[in-house]
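Nothing fancy with the numbering, it's 1 onward along the sequence. Numbering of ligands and ligand atoms starts at 1, following listing order. Note: hydrogens, waters and symmetry copies are ignored here, and every other heavy atom, side chains too, is used. Everything numeric here is computed off the predicted structure, so don't read it as measured data.
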Amino acid sequence: MALSELSVESIKAALETTWVGQRVVYHPATASTNDEAKRLAEAGAVEGTLVIADHQTAGRGRLDRQWWSPPGSGLLLSLVFRPVFLAPHQAQRLTMVCSLAVCDAVAEVTGLATAIKWPNDVLVEGRKVCGLLAELGLVGSRLDYVVLGIGLNVNVSFLEDDAPALMAPAISLKAAAGREVSRLKVLAALLGYVEVRYERLRGGALPHDEWQTRLATVGQMVQVTMPGLVLTGLATGVDVDGALLVRRTDGEVERVLAGDVTLRGAG
Ligand code: BT5
């Protein structure tokens with residue numbers, strides 16, 4: 001079997017989890033694993049359900065941006081969570097947990113150092129190696145499910161002819177490590193860390209302190225672009241819900257819940 005070949009059997013054999021990924025739906029190609037995971041979640045899919053594809057024809061980022069990944073080279077997956085212990089405004093805690101798990105898995109399998117860029121990117125050598133996309137399902141005012149999508153550039157090459165222009169520099173684990181990396185190994189490590197960290201969250205532990213220490217964004221002058229508004233200031237930290245705290249030049253501290261951040265150099 002090729003180093004990185006994905007199938008239901010190879011995934012099940014590689015996983016060491018109790019419940020994360022124990023139900024697995026694999027597709028050689030699908031439109032978007034997040035779309036499929038949301039459909040399954042709406043239909044009652046069990047917590048921990050994994051939807052994973054070798055290729056997405058309509059992979060998405062936030063605000064319907066494109067997630068680009070040539071067939072067979074990245075990890076493209078979505079997990080169904082049912083975090084009944086969280087209110088909707090606390091859902092970013094799941095993105096924190098999963099991005100920390102990405103950092104753990106990358107370190108374990110490749111030894112590479114990672115940083116996190118607020119709110120949903122993981123960086124290697126200052127370049128985007130992974131993007132996360134959380135989508136919420138509500139019943140009334142409570143969380144029914146959260147679908148957490150993860151796109152991780154394992155062996156992706158950005159030198160391909162159809163590679164699009166990206167908003168920020170990108171990198172793959174292969175390029176940074178200088179060798180092909182097993183997607184199965186990264187997947188197994190990732191889901192293991194997701195399970196451990198999610199259980200801690202369920203037990204009441206808050207991830208924001210650890211997440212903040214990993215945030216490349218903190219201590220930097222930043223420009224935050226939000227719909228209809230651009231804010232410039234010093235990123236001083238995050239709060240328990242993952243909101244970015246930005247001190248403007250007039251000294252006022254803004255709490256930013258969503259937006260795109262450009263780093264403007266050390267503050
Ligand atoms: C994200 O959005 O970074 C979230 C990406 C989530 C993708 C996963 S894949 C599995 C699951 N199913 C889906 O359909 N989606 C999830 P955002 O922060 O909005 O960043 C999107 C931007 O990242 C794009 O506009 C591009 O500029 C850039 N980009 C696209 N593909 C990339 C790649 N492979 N590596 C680095 N950057 C990329």
Min N/O separation D260 to ligand 1 under 3.5 Å: no
Region of S78 that comes within reach of ligand 1 [heavy atoms, distance under 4.0 Å]: side chain
W68 N/O under 3.5 Å from ligand 1 N/O: yes
Nearest-neighbour protein heavy atom for atom 26 (C) of ligand 1, which is reported as residue plus atom name and distance: L166 CD2, 3.7 Å
Proximity to ligand 1 by part of N120, non-hydrogen separation under 4.0 Å: side chain
For atom 11 (C) of ligand 1, the protein heavy atom that lies nearest, with its residue and separation: T33 OG1, 3.2 Å
C130 side, atom SG; I116 side, atom CD1 - distance, nearest 0.5 Å: 9.5 Å
Short side-chain donor-acceptor distance under 3.5 Å, T225 and D260: no
Protein heavy-atom partner closest to atom 19 (O) of ligand 1 - residue, atom, separation in Å: R65 NH1, 2.7 Å
Polar contact flag, side-chain donor to acceptor under 3.5 angstrom, Q220-W118: no
Polar contact flag for M167 and ligand 1 (N/O pairs, less than 3.5 Å): yes
R62 contact mode with ligand 1 (heavy-atom cut-off under 4.0 Å): both
Atoms in ligand 1 flagged as close to G59, the criterion being non-hydrogen separation under 4.0 Å: 14 (O)
Atom 8 (C) of ligand 1: the protein heavy-atom neighbour that sits closest, reported with distance to 0.1 Å: G151 N, 3.6 Å
Minimum non-hydrogen distance to atom 13 (C) of ligand 1, winning option of K128, Q56, K117: Q56
Atom indices of ligand 1, in the order listed, that fall short of 4.0 Å to a heavy atom of L132: 4 (C)
